[in-house]
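Comments concern the structure below.
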Amino acid sequence: MRSILRAIRRLAPASTKDISRAVGLPVPIVAAVGNELRQRGLITRERPSRLTEAGRAVVTELGMDLTLDATCRTCDGRELVIPEVLDEAVARLSAIMEDGPAVDMTIDQSKCTPETKVRRILALLSSGTLPGGSLLLIGDDDLISLAVAVVGDVLGSPLVDQVTVVDISPDILGYIQRVSADLGTRIETVQHDLRNPLPEKLHRQFDVAMTDPPYTPEGARLFLSRAVEGLRPGPAHSIFLSFGGKSPDEMLQVQREIMELGLVTNGYIRNFNEYEGSGILGGVGFFQHLLTTSATAPSQEGDYKGPLYTGDKRSRQRMYECVACGELVRVGPGAKWASVGVLRAEGCPNCGKGPFRPGPLVPAGPEQQTRQPASAARHTGGRPQVTAAAPEPATARSDTPEPATAQSGTPAPGTAQAGAQERAGETAPPVPARPGWHPPTADERDVLEERAAPYVTRQADEGDLEAIGDFEVDIARVSFGGDAVDDPVRHRTRMARAMEKSKDGMIVAHRPGDPAIGWLWVSVNQNTMTGDRYANFRSLAVAPVERRAEVAELLISSGLEFAVRHGLTEVVGRVHVGNVPMRTLYRKFGFTPTNLVMKLRLPAGADDSASERQDPSHAGH
């Protein structure tokens, strides 16, 4: 909030995109914050936005009424300026882009502007990696190979001895070959799926590499690893990485991937890259100059089978509005149009036209839920352990006074407008909420199980007691802190007794043949006041294995199906107030908060009889 208010104060009148670029937050978040500020009378309803008198007063009160801007007005903070001699290169690249192949948004393609292409070449020249030597491009939907050739043609001398492009798209590679034929720069194209290691002939052959990978940590790791495969061995070889701005947690993952590859950052420029499209990221991305070291080695030597593109990790649909006729269209996993790019290509189903404005996310159902971690149990040596770096496990207890409802038809609260984006003077219209949860169809169940594979669920048995006991210890520590009963033997004994009475409702997730990595305990309780029966999620935790979020969703769905089979219409899930990831996951299934447990610490020396009367299993509750 402070960053956005400060940006509006400094940039006013400021568009949502300008604010997004200034603060490094996605456009939908900036738009949503802007709408909240507008409702509170802190910024004007007219666009572009300015602070109102009340807004200026708040900014002054917060000590942010300073408009000093030290950004270079010549380069706009990009550190490089395109000289006039290369204006021709910009114009020629604009024409090349117009005739080039369309982007495929399902594999995270997005065209960078012709100015960005030239700036990247200038960065190579400024770093001393060009002219001369050999350049490896890991993916080239930005047509940087042609930019190298065009800039060299304009300057009257080739900038590089050889350019090699490795890309999966035959359309892009064919276009590069056709256009480069008369430009005087030798460009080799190799059609290859980068999920697989580079062809042997490309290993250890190149002086410098450049990549603009899918904007996921997995994409960064894979594409950088392939770049390392192609570079000559030894330190001080350059890799230039372009990437979109992400949350601090996601960027931490990206920077960890860079470090694990043995690479070091030599330079970093925010908002260096501009893209046509990429509206959620404000149409910009950073540019990072990396150097190899003596410790550099590929981190992905074999084939890669996991999620790679943004769409692989996205499980929520979004509504898009046709500007021409106002038709609202669902886009995303499970919808007719998997991406807005496909929708644009086919046109509005009502009028056949477009373009389309992004609207709110569709509230999550079991077949399309955003992926969130569910617990803090780290899988080490066959047992889960709590670590500070991981989200916390959830716990469900049986003593909730009133059950929360999770009936079919209950909407996930607050989600219908959570993704609303700013558009032409108003907020995107809300979409009617979907039911919070409904029993999955056979197809939906298949999709859910496929997403969680290789992990499956089954009824727990005595062989799972060791893992279950460890999960219960971790749940207790999160729920009760220093008051937790954390003796694994005691928890295993307790669970063994419970299992002797009934295994019904005890569910584990595991890879066939391996110990359990997830645990859900559902009991059937009765409200003593009304006599109504309801399901109680007593325990829920998942170790942070690969696809942890999907495993958590599979467990919860299995628990809800258990409740349906027993004719129950209400489900309770108890969770610690500080366990935000688990609370978020519950909300995705339509759970709504109903009760809040209040706790007061009495001074030392209070009547000891109170503690003697307390049920030790609820110590510190």
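Excluded from the calculations below are hydrogen atoms, water molecules and symmetry mates; all remaining heavy atoms, backbone and side chain alike, are included.
- Checking side-chain atoms of R318 against main-chain N and O of G332 turns up no donor-acceptor pair under 3.5 Å.
- Ring orientation note: the planes of F287 and F240 are close to parallel, at an angle under 30° on the 30°/60° scale.
- P101 is not listed as a side-chain neighbour of S169, based on a closest heavy-atom distance of 4.5 Å or more.
- Side-chain contact between C325 and K353 is absent, with no heavy-atom pair separated by less than 4.5 Å.
- Looking only at side-chain heavy atoms (C-beta outward), T185 and L146 stay at 4.5 Å or farther from each other.
- Side-chain N or O atoms of N273 include one that pairs as donor or acceptor with a backbone N or O of F286 at under 3.5 Å.
- Side chains of T116 and E274: a donor-acceptor N/O pair is absent below 3.5 angstrom, by distance only.
- Counting heavy atoms from C-beta outward, E449 and L554 have side chains that approach closer than 4.5 Å.
- Nearest heavy atoms, Q177 versus S180: O-OG, 3.4 Å.
- Listed by chain and residue number, R226, E229, D303 satisfy the side-chain contact (heavy atoms from CB on, under 4.5 Å) test with P197 (two or more places apart in sequence, or in another chain).
- Between atom CG of residue L241 and atom CD1 of residue I258 there is a gap of 5.5 Å, rounded to the nearest 0.5 Å.
- Evaluation of the salt bridge (Lys or Arg N to Asp or Glu O under 4.0 Å) test over residues 173-183, restricted to residues two or more places apart or in two chains, returns none.
- Of the inter-residue distances, the one linking I4 atom CD1 with I43 atom CD1 reads 9.0 Å to the nearest 0.5 angstrom.
- Distance check: L137 CG to T164 OG1 gives 8.5 Å after rounding to the nearest 0.5 Å.
- Side chain to side chain, S134 and D207 meet the donor-acceptor criterion of an N or O pair below 3.5 Å.
- L183 and D153 get closest at one heavy-atom pair: O-OD1, 4.0 Å.
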Test side-chain contact (heavy atoms from CB on, under 4.5 Å) applied to K111 and D141, step by step: CA-CA 7 Å; K111 296 178 181 178; D141 57 296; over 6 Å; no
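- Distance alone, capped at 3.5 Å, is enough to place a donor-acceptor pair between the T292 side chain and the G234 backbone.
- Residues S238 and L291 form a side-chain contact, since some pair of their non-hydrogen atoms from C-beta on lies under 4.5 Å apart.
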Worked verdict on T265 versus L290 for side-chain contact (heavy atoms from CB on, under 4.5 Å): CA-CA 5 Å; T265 297; L290 305 170; 3.7 Å; yes
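- Looking at S299 and E260, their side chains never bring a donor and an acceptor atom within 3.5 Å of each other.
- Distance CD/E257 to CZ/F223: 14.0 Å, rounded to 0.5 Å.
- Checking side-chain atoms of Y175 against main-chain N and O of I96 turns up a donor-acceptor pair under 3.5 Å.
- A donor-acceptor pair is defined here as one N or O able to donate and one able to accept, closer than 3.5 Å; such a pair exists between the side chain of T129 and the backbone of L124.
- Side-chain contact check for T16 and R47: no donor-acceptor pair (N or O, by modelled atom type) lies under 3.5 Å.
- At distances below 3.5 Å, at least one donor-acceptor pair connects side-chain atoms of D142 with backbone N or O atoms of C112.
- Between the side chain of D161 and the backbone N or O of G133 there is at least one donor-acceptor pair closer than 3.5 Å.
- Between K201 and E188, at least one side-chain nitrogen of the basic residue sits less than 4.0 Å from a carboxylate oxygen of the acidic one, meeting the salt-bridge criterion.
- Using a 4.0 Å cut-off between charged nitrogen and carboxylate oxygen, E346 and K336 do not count as a salt-bridge pair.
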Where do I168 and L173 land on the side-chain contact (heavy atoms from CB on, under 4.5 Å) test, with the steps shown first? CA-CA 8 Å; I168 196 173; L173 297 177; over 6 Å; no
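- Residue I82 comes nearest to L122 through the heavy atom pair CA-CD1, 3.9 Å, listed as atom of the first residue, atom of the second, then distance.
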How far apart are the C-alpha atoms of T113 and M97, what are their side-chain angles, what is the distance that settles it, and do they pass the side-chain contact (heavy atoms from CB on, under 4.5 Å) test? CA-CA 9 Å; T113 64; M97 288 176 62; 5.7 Å; no
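- Between the side chain of E553 and the backbone N or O of V551, no donor-acceptor pair lies under 3.5 Å.
- Taking the centre and axis of the six-membered ring of F272, the NZ or CZ atom of R119 falls inside the cone set by 45° and 6.0 Å.
- More than 12 non-hydrogen atoms from other residues, nucleotides or ligands lie less than 6.0 angstrom from CZ of R232.
- Here the CG atom belonging to D249 is positioned 11.5 Å from the CE atom belonging to M251, to the nearest 0.5 angstrom.
- You'll find the side chain of V208 stays beyond 4.5 Å of the side chain of M210, heavy atoms only.
- Contact check for R38 versus S49: side-chain heavy atoms found under the 4.5 Å cut-off.
- With rounding to the nearest 0.5 angstrom, the CE atom of M259 is 11.0 Å from the CG atom of L252.
- Side chains of P235 and T296 form no contact here, defined as non-hydrogen atoms less than 4.5 Å apart.
- Residues D167 and D140 approach most closely at OD2-N, 2.8 Å, considering heavy atoms.
- Between V154 and V85, the shortest heavy-atom contact is CG1-O, 3.5 Å.
- Taking all atoms of both residues into account, the shortest heavy-atom contact from S145 to V165 is CB-CG2, 3.6 Å.
- In this structure, S20 contributes its side chain and L25 its backbone to a donor-acceptor pair below 3.5 Å.
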